[in-house]
2 protein chains.
Amino acid sequence: MITELFLEGRLRQALSEAEKQVLEDAVGRCVILPAREVLIRKGELAERSTYLVEGYMLRYIDGIDGDRQIVCVHVPGDFVDLHGFAMKRLDHDVCALGEAKIAYVPHKALSDIMRNEPHLARILWFSTLLDAAMHREWIFRLGRLSAKERLAHFICELHTRMAFVGLVENNILRVPLTQQDLADICGISPIHINRVAAELREAEIATLARPMLHIHDLQALKDMCQFDGSYLYGEGRLHVDSELRLK
Amino acid sequence: MITELFLEGRLRQALSEAEKQVLEDAVGRCVILPAREVLIRKGELAERSTYLVEGYMLRYIDGIDGDRQIVCVHVPGDFVDLHGFAMKRLDHDVCALGEAKIAYVPHKALSDIMRNEPHLARILWFSTLLDAAMHREWIFRLGRLSAKERLAHFICELHTRMAFVGLVENNILRVPLTQQDLADICGISPIHINRVAAELREAEIATLARPMLHIHDLQALKDMCQFDGSYLYGEGRLHVDSELRLK
DNA sequence: CGGAGCCTTGATGTCAGTCAATTTATGTGG
DNA sequence: CCACATAAATTGACTGACATCAAGGCTCCG
C-alpha cells in the first residue's frame, strides 16, 4: 500500500479497512520528482493534491530580496498540499528536497470522500490541522528560541516525525538538508547555522553530516530547547472520534 | 444572524441560504467572556468549538521561563477553535483579549454537518486552513523581517482582516493590544516594540494609541514590509468549488 | 490621592548578521 | 582515474540590531 505511512503513529489506526482502501484507491501511481524540482508555485490553481511516499518536500515563502523562509518540511506519509483541496490555490511554493517519490490525488476523488466518507474526511481534515499545529510550534520556535535552541528544536521535531514512520534507526536519520536550508528553516544566517551545528557536535549532542543526521543524546537535545512533542499528536489513538462512523 | 460575519469578504458568498441557516442553527446563544479570561487550556478535551462575535481572542504558547508567544489573533467572524473539532484537544491556550462575545458550537452539530452538508463542511475546513495560511505568514514574518517590519506587517494583516468584516473606518481600528501583547506577537521585547512603534508614529505611518490604531499611510506601511495580503484569500470568490453541491 | 499597570527613555551588553577568505565535498568530462 | 568546476562547509574579524537593565512618567480607577 502506497498510503500505509499516512498518519502512521497518529490516527491511522482510526481508519477501517474499507476506509484505508478508499484512500488507497484515491491515490494514483507513483511519480519520481527530481531533486529541487518545484511542484507547485504560489497562486496556481490546484486540481489535485500530492501524497509523499519517499524523500522530503519543502514549502517556502520567498521574500522580495531573495530571502527564503521555509514554512514546512514534509516527510514520507504526509500529504504535501492537501490544503490545496479546500483552498484551490496555494499561498506558497512547494519543492522536492532531494529526489522524491510522490503520488497524486485528484480533487475529484477528495470530493467523493467528502460526500460519502465523512469519517475519513474528518481524518483528512485532521491531517491538515497537524500541519497547522506544526506551524504554530515553528512560530514559537522563531519568536522565542535562540539560534542554537531553534536548530535543536527542529531536529527534535524531525526525529519524532521520522520515528513515527519508522525512518529512524539508532537515532540516525537521512536528512539531506544543506546548512542553507536549515538557515531558511530556523530564520538565521547559514554561517550561524554552521556555528551552532558545530556547538551541538562538540557537545556530543547531535552531528549533522549531510546527508546523515546522528543524534547522540536525544534527551539533552530535548532539554536544551524545551521540546514537548505533544503538538505532533503522537498519542492521537486516545482521542479518536468514532461518532461519525456510528450512524 | 450571529454568524453573518463568518468568512465575510471571503467564501461566505459560496454558502446557500439553506447552508447559512444550518450554520446559524449550529451556533448556540451568545456568552460574554471577561477580559483576559482563558477559554481553553492546552491539552483539554474539547466537546464544542467557539465562534467569536465581538472582540478579540488570542491563541498562545507559553515557554518554560514565562515567555509567551502569541500564535494567532482572532477577530469577529472567526472560529477560534474549530480545529478542536478534528483534533479533540488543543496544543495551546486560548484567551480573550478585552471583553469578548462568543457563541459555542457543539461538536455534535459539526458531526451532523460533516455527514449531511459536505459543501458546508468543506467551507469550514477552508476556514481552519485560513488560520494555517496566516500561521505560515507569521513564520515568514518572524524568520525574515526586522522588528519594525514585523510590527508593520502585523498591522497590515489586522487592518485587512478587520476591513473584511467592516470594522475599519477611516483607517481607524479598535485594537486593545498592549505593547507587551505586540511583543509576544512579533517575537521581540516590549521595550523594542515601544521604539519601533515610536518610529512608525514619527514617520506618520501609523499611531498605536491604545485602544485605537490609526493608520495614516497604508501604502507606506505595506511597502515597508513587503506585505502581500493574498494569503488572506480576500478574492476567494473567484475560486469557489461548487462540485460538492452539484450532485 | 494613591497605586497599579502601562508607556517611555537612556545606557550598556550580546547574540547573531555581514564580509571575506579558505577548505572540503560533489560532480563532470576527458 | 584524474583535473577541473561548482557547491557546500568552515573559520575569523568586524558590525549592528535588538535585549537587558534601570529609572521615571503617564493614565486610569478605586
Side-chain angles (χ1 to χ4, degrees), chain A residues 34-36 58 63 65-70 95 97-99 141-154 174-203 206-214 224-225, chain B residues 34-36 58 63 65-70 95 97-99 141-154 174-203 206-214 224-225:
Chain A
R36 298 289 167 176
L58 306 174
D65 331 314
D67 46 341
R68 169 167 299 187
Q69 178 64 45
I70 292 173
C95 77
L97 172 51
E99 196 169 87
R141 179 193 298 153
L142 290 172
R144 290 293 170 231
L145 299 186
S146 70
K148 185 153 65 152
E149 291 165 338
R150 289 182 207 179
L151 180 58
H153 193 279
F154 172 69
R174 192 186 154 74
V175 185
L177 291 163
T178 65
Q179 292 187 352
Q180 179 66 59
D181 293 327
L182 291 165
D184 294 344
I185 287 166
C186 295
I188 57 188
S189 69
I191 290 134
H192 203 61
I193 278 285
N194 184 289
R195 290 183 176 127
V196 294
E199 285 185 57
L200 291 182
R201 186 187 333 119
E202 281 151 23
T207 302
L208 283 154
R210 207 166 58 101
M212 304 308 285
L213 162 63
H214 296 238
M224 67 179 288
C225 60
Chain B
R36 299 287 166 177
L58 306 174
D65 330 316
D67 47 342
R68 170 166 298 185
Q69 178 64 44
I70 294 174
C95 77
L97 171 51
E99 198 170 84
R141 179 193 296 152
L142 291 171
R144 291 294 171 230
L145 298 186
S146 71
K148 186 154 63 151
E149 292 166 336
R150 287 183 209 179
L151 180 58
H153 193 278
F154 172 68
R174 191 186 157 73
V175 185
L177 291 163
T178 65
Q179 292 187 352
Q180 178 66 60
D181 293 326
L182 291 165
D184 294 344
I185 287 166
C186 296
I188 58 189
S189 68
I191 291 131
H192 204 60
I193 278 284
N194 184 288
R195 290 182 174 128
V196 295
E199 285 185 57
L200 292 182
R201 186 186 334 119
E202 282 151 23
T207 303
L208 283 154
R210 207 166 60 101
M212 303 309 285
L213 161 63
H214 295 238
M224 67 179 288
C225 61

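In what follows, chains carry the letters A, B, and so on, assigned in the order in which the sequence lines appear, proteins first and then strands, with residues in each chain numbered from 1. If you're wondering where the values come from, they're calculated on a predicted model, not measured in any experiment.
- One interatomic measurement links the two molecules: CZ of A:Arg144 to C1' of D:dA19, which rounds to 11 Å at whole-angstrom precision.
- By the side-chain hydrogen bond (donor to acceptor under 3.5 Å, both in side chains) test, B:Thr207 is found to be paired with B:His216, residues two or more places apart in sequence or in another chain being considered.
- Between the CD atom of B:Glu202 and the P atom of C:dT8 there is a distance of 10 Å, rounded to whole Å.
- Scanning all heavy atoms of the two residues, the minimum distance from A:Arg210 to A:Val175 falls at CG-O, 4.1 Å.
- Just one residue in the list B:Asp67, B:Asp65, B:Asp184 forms a side chain to side chain donor-acceptor pair (under 3.5 Å) with A:Arg144, and that residue is B:Asp184.
- The distance between atom CG of A:Leu177 and atom P of D:dA7, rounded to the nearest whole Å, is 19 Å.
- Rounded to whole angstrom, the span from the CD atom of A:Gln180 across to the C1' atom of C:dT18 amounts to 14 Å.
- The CG-C1' distance, from B:Asp65 to D:dA19, rounds to 14 Å in whole Å.
- The side chain to side chain donor-acceptor pair (under 3.5 Å) pairs that include a residue from residues 191-200 of chain A are A:Lys148-A:Glu199, A:Gln179-A:Asn194, where partners are two or more places apart or lie in different chains.
- Take B:Arg150 and apply the salt bridge (Lys or Arg N to Asp or Glu O under 4.0 Å) test, not counting sequence neighbours, and it matches no residue.
- Partners of A:Ala35 according to the side-chain contact (heavy atoms from CB on, under 4.5 Å) rule, which considers only residues two or more places apart in sequence or in another chain, do not exist here.
- The stretch residues 186-196 of chain A comes close to DNA chain D through A:Ile191, A:Asn194, A:Arg195, each having a heavy atom under 4.0 Å from the strand.
- Less than 4.0 Å separates DNA chain C from at least one heavy atom of each of the following residues of residues 145-152 of chain A: A:Ser146, A:Ala147.
- Axis deviation across the helix from C:dT8-D:dA23 to C:dG30-D:dC1 amounts to 50°, comparing end segments of five pairs, rounded to 10 degrees.
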Evaluate the side-chain contact (heavy atoms from CB on, under 4.5 Å) criterion for residues A:Val196 and A:Glu149: first the C-alpha distance (whole Å), next the side-chain angles of each, then the deciding distance (0.1 Å), finally the verdict. CA-CA 9 Å; A:Val196 294; A:Glu149 291 165 338; over 6 Å; no
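- Atom CD in A:Gln69 sits 8.5 Å away from atom SG in A:Cys186 (nearest 0.5 Å).
- Contacts of A:Arg36 classified as side-chain contact (heavy atoms from CB on, under 4.5 Å), with partners at least two apart in sequence or in another chain: A:Leu58, A:Leu97, A:Thr178, A:Asp181.
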Where do N or O atoms of nucleotides 24-26 of chain C meet protein N or O atoms at under 3.5 Å, pair by pair?
none

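- Here the P atom of nucleotide D:dA19 and the CG atom of B:Asp67 are 13 Å apart, to the nearest Å.
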Please list, pair by pair, any protein nitrogen or oxygen found under 3.5 Å from a nitrogen or oxygen in nucleotides 23-30 of chain D.
none

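- Residue A:Gln180 holds its CD atom at 9.0 Å from OG of A:Ser189, rounded to the nearest 0.5 Å.
- What separates CG of A:Leu208 from P of D:dA8 is a distance of 15 Å, to the nearest Å.
- Proximity of A:Arg201 to the phosphate of D:dA9: no side-chain N or O atom is located under 4.0 Å from OP1 or OP2.
- Counting heavy atoms from C-beta on, the side chains of A:Phe154 and A:Leu177 come closer than 4.5 Å.
- Under the side-chain hydrogen bond (donor to acceptor under 3.5 Å, both in side chains) criterion, B:Glu99 pairs with no residue, sequence neighbours left out.
- Taking atom CD of B:Gln179 as the reference point, atom P of D:dA19 lies 13 Å away to the nearest angstrom.
- Between B:Ile193 and B:Leu208 there is no side-chain heavy-atom pair separated by less than 4.5 Å.
- Looking at residues two or more places apart in sequence or on another chain, you find a side-chain contact (heavy atoms from CB on, under 4.5 Å) between A:Ala203 and A:Ile205.
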